[in-house]
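A short worksheet on the structure shown next.
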Amino acid sequence: MTDLRNEIDSDLDQNYSLNSNADPKNMQELTIYVQNLLQNVQDKFQTMSDQIITRIDDMGNRIDDLEKSIADLMNQAGVEGTAPEK
């Protein structure tokens, strides 16, 4: 999580600083600058969103595996329990 925060801070410093040499000089440059800025933010957001969804899916799979392992252990121990729902 710290690495992600550092990467975002670095990107902000490099790409979005107001003191950069690429400051827009007229309305057309400003429009292009803002469009590029918004596209970069959207791309970063999509990447992070995809990573979060992947991690949630992985966690769900691990929980399913854990439930199955617990049910197997309960069966081996002869403990009556409810079977996992699926």
List for me each residue that meets side chain to side chain donor-acceptor pair (under 3.5 Å) alongside [X], sequence neighbours excluded, and say none if there are none.
X: D50; answer: Q46
X: Q42; answer: none
X: N26; answer: none

Assigning hydrophobic clusters by single linkage (Ile, Leu, Val, Met, Phe, Trp, Tyr; side-chain heavy-atom cutoff under 4.5 Å), is M74 placed with L66?
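As far as the 4.5 Å side-chain criterion goes, L66 and M74 are connected within one cluster.
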
Any salt bridge linking D72 with K68? Criterion: basic side-chain nitrogen under 4.0 Å from a carboxylate oxygen.
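Yes, D72 and K68 are salt-bridged.
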
So, taking the atom named CD in Q35 and the one named OG1 in T31, what distance separates them when rounded to the nearest 0.5 Å?
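Here the rounded value is 6.5 Å.
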
How long is the span from the CG atom in D43 to the CG atom in L38, to the nearest 0.5 Å?
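Answer rounded to 0.5 Å: 11.0 Å.
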
Side-chain cluster (under 4.5 Å, hydrophobic types only) that [X] belongs to, other residues:
X: I53; value: none
X: I56; value: I52
X: M59; value: I63

Side chains of I32 and E29 in contact at under 4.5 Å (non-hydrogen atoms)
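They are not in contact (no side-chain heavy atoms under 4.5 Å apart), so the answer is no.
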
